[in-house]
Amino acid sequence: IWQKILEIIAQKVGESTFELWFSPIKLIDIKNSEIFIEVPNRFFKDWIEDNFPSIISDAFYQITGNQISVRYIITGKEQEVLVEEKRQVVKRGNLNPRYTFSTFVVGPSNQFAHAAALRVAENPGFAYNPLFIYGGVGLGKTHLITAIGNYILDKNPDMNVCYMSSEQFTGEFVSAIRHEKMPEFRQKYRTLDVFLVDDIQFIAGKDSTQEEFFHTFNELYFNQKQIVISSDRPPMEISDITDRLRSRFGMGLIADIQPPEIETRLAILYKKAEIEGIKLPEDVAYFIASRVKSNVRELEGSLIKLCAYISITKVPITMDVAKHVLRDLLPDENKPITIDLIQQHVCEALGIRVQDIKSKKRTKEIANARKIAMYITKKLTNLSLAEIGNAFGGKDHATVIYACKQIEKERQKDEALAKLIDSIVRKLQENK
Ligand code: ADP
Ligand code: MG
């Protein structure tokens, strides 16, 4: 049966993930609707649970039609069966206990959001309400709002704290309507002390969920209950939500999280290594931090991958090992330079947002960045003028030609511009 389970998993996760994460797992025993499996270390348990929460029990169900719970045993510590901490699961709802303030690394890119979150945690309902945190994927929004919940529950275990994504809220709302459970639904949400709503952008376009959320919001707000909301963009840019909801989101404090600077990325790596009890050589840390730039989840993923490899092979962490295990991070000779990549680099260099360069906005900075990006795209890719225009807010080919000519001319007169373009081109060619 274990063989069959593995086959199903292999199909789901793909070969390389399977090789690295699932093939080292050993079956120990199956009894009393529990399956005991042995993993090389704690990373495995954490990683599998975070990334494929119920993959093993699902596969078991698929084969036998029976439910099973998974128990992890860590090699070498066979006595220590890691049973889920039931008490905590009940008390903590769905707050991830690993996301706390003490595991959050603060740097210039996130210090404002962090400080605001901490104040809210210390003073729920009375500091900023609502607190609205926004930022790109994998930059720590979920971590930070979960930390607020964990902090509050540490101090006041009796508080009624609820964390959920706006998609879960929508799901429960829909099912409450279907099963005629609206009174219970309202009772549950309107009596919270702290409501942490993750990824609110997914409520866009769902009118009746928005309506319900609006009333929940008001009820909590007027009773001075804390509301914390996260989103991948500021309230102004969430389209397809009602204006009254959008204006509610801005009534307290809005804080953004930016991609971390290299120093913060290094600090995060060292912190995670410390948590895992691993000594990370400086050159390896730098190698990872300088290649994974815009997403902390990927930064962490690279480190975990490295740790897993080391724990299986028992080799010391060196640059060679890191380069081998993390070869995905190395420049790939055959990988073409894409328009997305050019847009990212140009925007990063000029401090504007990628979505703006792709839009029709005409402010001076954006229009200028767009021209530079078009020019570089023309030089470095084989895309047609129409394709280029399309990727920049639907310009026609004449506009692209004009932009390229103009930049070519300016570049010859303006040394700073020439340098800027050269440095962007160099970066693109180096790390694709
Ligand atoms: P988001 O919700 O913004 O997409 P997450 O909160 O899920 O991002 O963060 C992704 C991963 O990166 C998580 O494992 C989180 O612990 C980690 N992370 C993000 N920012 C930090 C930070 N400043 N310090 C430590 N870990 C961080
Ligand atoms: Mg998140």
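The basis for the numbers below is simple: all heavy atoms, side chains too, and nothing from hydrogens, waters or symmetry mates. Whatever order the structure lists them in is the order used to number ligands and atoms, beginning at 1.
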Could you tell me whether [X] and [Y] have a side-chain N and a carboxylate O separated by less than 4.0 Å?
X: E212; Y: R186; result: yes
X: E172; Y: K188; result: yes
X: E298; Y: K305; result: no
X: D320; Y: K323; result: no

Worksheet item: Do you know the tightest heavy-atom contact between T146 and Y163?
Response: OG1-CE1, 4.0 Å

Worksheet, complete the sentence: On a heavy-atom basis, the closest approach of I366 and D356 is CG2-O, 3.5 Å

Worksheet item: For ligand 1, what is the set of protein residues having any non-hydrogen atom at a distance below 4.0 Å?
Response: Y99, T103, F104, V105, N110, G136, V137, G138, L139, G140, K141, T142, H143, I268, K272, V296, R297, E300

Fill in: salt bridge (Lys or Arg N to Asp or Glu O under 4.0 Å) partners of K181, counting only residues at least two apart
none

Worksheet item: Around the Mg ion (ligand 2), what protein N, O or S atoms are found below 2.8 Å?
Response: T142 OG1

Worksheet item: Listed by chain and number, what are the side-chain contact (heavy atoms from CB on, under 4.5 Å) partners of L350, not counting sequence neighbours?
Response: V346, A369, I372, L420

Discussion item. Does the structure place the NZ or CZ of R244 under 6.0 Å from the centre of the six-membered ring of F214, at an angle of no more than 45° from the ring's axis?
Written reply: yes

